[in-house]
J.: 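To start, I am sharing the structure in question, which I have written as structure tokens.
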Amino acid sequence: MTVQRKLRFAAFVLCFTGLFVGGLSFAHTVFIASWNEKQLRQLTSDTLARTELAIDSAVMKMSDVIVNRGTTCASVDRMAMTKAFYGSSIMKNMRLETKSGACWSYEERNEALEQSIATARHNRTKSPGYSLFSLRFPGWKGLGVRWQYGSEENIIEVLATSGLLFAILPVELRNSALMDLSLPDGTSFASYSPERKWNTDDIELTTFEEKSVHYPIGISLKVDSAALAHWNQSLSPQTIAIVAALGLGFGVLAARGMFRSTSILDELDIALTNGEIKPYFQPIFDLESRKLLGFEMLARWIKPDGAVIPPLAFIPLAESNGRIDRLTTELLKQAGAQLGELLQTQSHLKLSFNVTPDQYLAEGFVDNLAAQATRFRLPLRSLVVEVTERQVIADKDKAASVTEKLIDAGMRVAIDDAGTGHNGLSAIHALGANYLKIDKFFVDGITLDRKSSELVEMLAALAEKFGMTVVAEGVETEEQIAALLQLGIREGQGYVYSRPVPATTILAMAAKEAAAREQADGRGSLLKSA
Ligand code: C2E
Ligand code: CA
Ligand code: CA
């Protein structure tokens, strides 16, 4: 840059920083407000996904009872029903209604529930024969799931759904929010309201709503707009310092933007060509033995000045601009050069990598991938393709056939972020994957509340039933490891073991383990010969 250009640049920086800091309070308020709204929208969506999961699980349990166990009110069949939801704190009771009479799983009568069922309005689901209805008696609210499996035969499961809303709101808003899960007939089957008396008549409320595409259920969250406006707004000296630094950063960025001749997309292209997009690898380990089972490849953009840009800052850009295939190829190429030999010699290690649902469904995906793997010296048996459940998988039949082709070619498939999307348990099952990766969102709650661990338990049970191995993601504490092991989950990934690291660190880890193995083997053979 010439001196004149430098001066102009500095002037722009000052000008933009001034603008930023001048609008500081306004920008801060607006930014936090929109961040808050985003958080609550996400929370609404996640809670709906949790509820769908609970219904999915109830549906599975009911069909299991009818298809594989008894269908009469004989005590052995009632025991089978009781067993189906033993230990669950969401599933409360099961009722069988047949031509020759009706019974509860473990009670003779339950008048309050029977009354509620008799007057229930049924909301049909997309699956024939299934309906949902709200149940209530003084002091209690829940959801009934009914499957009419014969002309006069029904099985009903009673879910205590209010627990799904327990402790889900941020502490600061618990006194100023209402949450409700409801059916299309307008009845509510779970709700949360503050313990204190709260009159909402003269209060302006901000509402977040979402409807399930999977079941006829909807969620609504109403928050006192004033409380929402205050949430996260207080400014500590540290925050002021951070915002001032941000202001300067913004100034530099904005000035750079004025001076830049290339667009961010051009930058990404250049980065791809120059090999600035690099693979990091996060170990996947055996939760009990703590042995290395493999690693997940995660993209990082390492700028020439050493700054590391996380994938969520550029993957969506690559995805929406047709660069994602190139990015995946570049990463696999580097992974092959760095870890191909390790994977060839240590066949128990797996290399997981991420693809988007669009990539997964693209024409020729499996053939191209197999050809690339061979070219980059990556053994097919080591490869695990992770496809996320967070986005809707548009063509589920096609997806299932892609999975089959990948498995036929010797690779494996993992469903990523299981339980966070709205694809439903049946779609998760239909995909036919080898692994089910449980999202950090569920793992976080596992040691905090019973409901979260129950949802993880449901996913684990589903996985076991369909022969999938569960991998828990985002494991950060020893307590979580203990809880996961209790649920029969064996594989994990998370900061408690290692953050994503460059290939050299993985090579060192694998070498250390190989040496320990050799030593143990040596000791074993010495013992044998002694
Ligand atoms: P993901 O596939 O769910 O990857 C796991 C993310 O969780 C990673 O974030 C990882 O660093 C983070 N993580 C793992 N353990 C912990 C933990 O104990 N605590 C916390 N707080 N976080 C943990 P990362 O690397 O930022 O990647 C974000 C997402 O970007 C990935 O989520 C994946 O969906 C996407 N992604 C990354 N690389 C690629 C890629 O090459 N292609 C595609 N299509 N997507 C990619
Ligand atoms: Ca992943
Ligand atoms: Ca994930």
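In each ligand, atom 1 is the first atom listed, and ligand 1 is the first ligand listed.
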J.: Can you tell me the N, O or S atom of Asp416 that's nearest the Ca ion (ligand 2)?
T.: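 Result for Asp416 and the Ca ion (ligand 2): OD2.
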J.: Verify, without hydrogens or angle tests, whether Thr125 (side chain) and Tyr215 (backbone) share a donor-acceptor contact under 3.5 angstrom.
T.: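 No: the side chain of Thr125 does not pair with the backbone of Tyr215.
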J.: When you measure from the centre of the six-membered ring of Tyr280, is the NZ or CZ of Arg300 under 6.0 Å away and within 45° of the axis?
T.: yes
J.: Considering non-hydrogen atoms of the protein only, which is the closest contact for atom 45 (N) of ligand 1, and what is the distance?
T.: Asn354 CB, 3.6 Å
J.: Tell me, yes or no, whether the heavy-atom count around Arg326 atom CZ, taken from other residues, nucleotides or ligands under 6.0 Å, exceeds 12.
T.: yes
J.: Counting backbone and side-chain atoms alike, is an N, O or S atom of Asp417 positioned under 3.0 Å from the Ca ion (ligand 3)?
T.: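 Given the 3.0 Å cut-off, Asp417 counts as a ligand of the Ca ion (ligand 3).
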J.: Tell me: protein heavy atom nearest atom 19 (N) of ligand 1, and distance?
T.: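 Checking every protein heavy atom, the shortest distance to atom 19 (N) of ligand 1 gives Glu476 OE2, 2.5 Å.
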J.: Please answer whether the main-chain N or O of Ile277 pairs with a side-chain N or O of Gln334 as donor and acceptor at a distance below 3.5 Å.
T.: yes
J.: Within 3.0 Å of the Ca ion (ligand 2), is there any N, O or S atom belonging to Thr388?
T.: no
J.: For atom CD of Glu464, decide whether the heavy atoms of other residues, nucleotides or ligands shown that lie under 6.0 angstrom number more than 12.
T.: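 Atom CD in Glu464 is not crowded, with 12 or fewer foreign heavy atoms closer than 6.0 Å.
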J.: Please state whether the separation between the Ca ion (ligand 3) and some N/O/S atom of Glu386 is under 3.0 Å?
T.: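 Within the cut-off used here (under 3.0 Å), Glu386 places no N, O or S atom near the Ca ion (ligand 3).
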J.: Would you mind naming the N, O or S atom of Glu296 nearest to the Ca ion (ligand 2)?
T.: OE2
J.: I would like to know whether Phe441 and Arg50 meet side-chain contact (heavy atoms from CB on, under 4.5 Å); could you show each step before the answer?
T.: CA-CA 11 Å; Phe441 173 74; Arg50 277 171 163 226; 3.6 Å; yes
J.: Please test Asp417 against Thr388 for side chain to side chain donor-acceptor pair (under 3.5 Å), starting from the C-alpha separation and ending with a verdict.
T.: CA-CA 6 Å; Asp417 314 313; Thr388 182; 2.6 Å; yes
J.: Starting from atom 36 (N) of ligand 1, what is the nearest protein heavy atom, named by residue and atom, and what distance separates them?
T.: Pro311 CB, 4.0 Å
J.: Give the residue, atom name and distance (to 0.1 Å) of the protein heavy atom nearest atom 11 (O) of ligand 1.
T.: Pro500 CG, 3.4 Å
J.: Within the structure, is a non-hydrogen atom of Glu296 found at a distance of less than 4.0 Å from ligand 1?
T.: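 In this structure, Glu296 qualifies as a contact of ligand 1 - some heavy atom is under 4.0 Å.
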J.: For the Ca ion (ligand 3), which N, O or S atom of Glu473 is at the shortest distance?
T.: OE1
J.: Give the atom numbers and elements of ligand 1 that come within less than 4.0 Å of a heavy atom of Gln282.
T.: 14 (C), 15 (N)
J.: Within less than 4.0 angstrom of ligand 1, does Asp417 place any heavy atom?
T.: yes
J.: Please check if the number of heavy atoms outside Lys291 that lie under 6.0 Å from its NZ is greater than 12.
T.: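 No, because the 6.0 Å sphere around NZ of Lys291 holds 12 heavy atoms or fewer from other groups.
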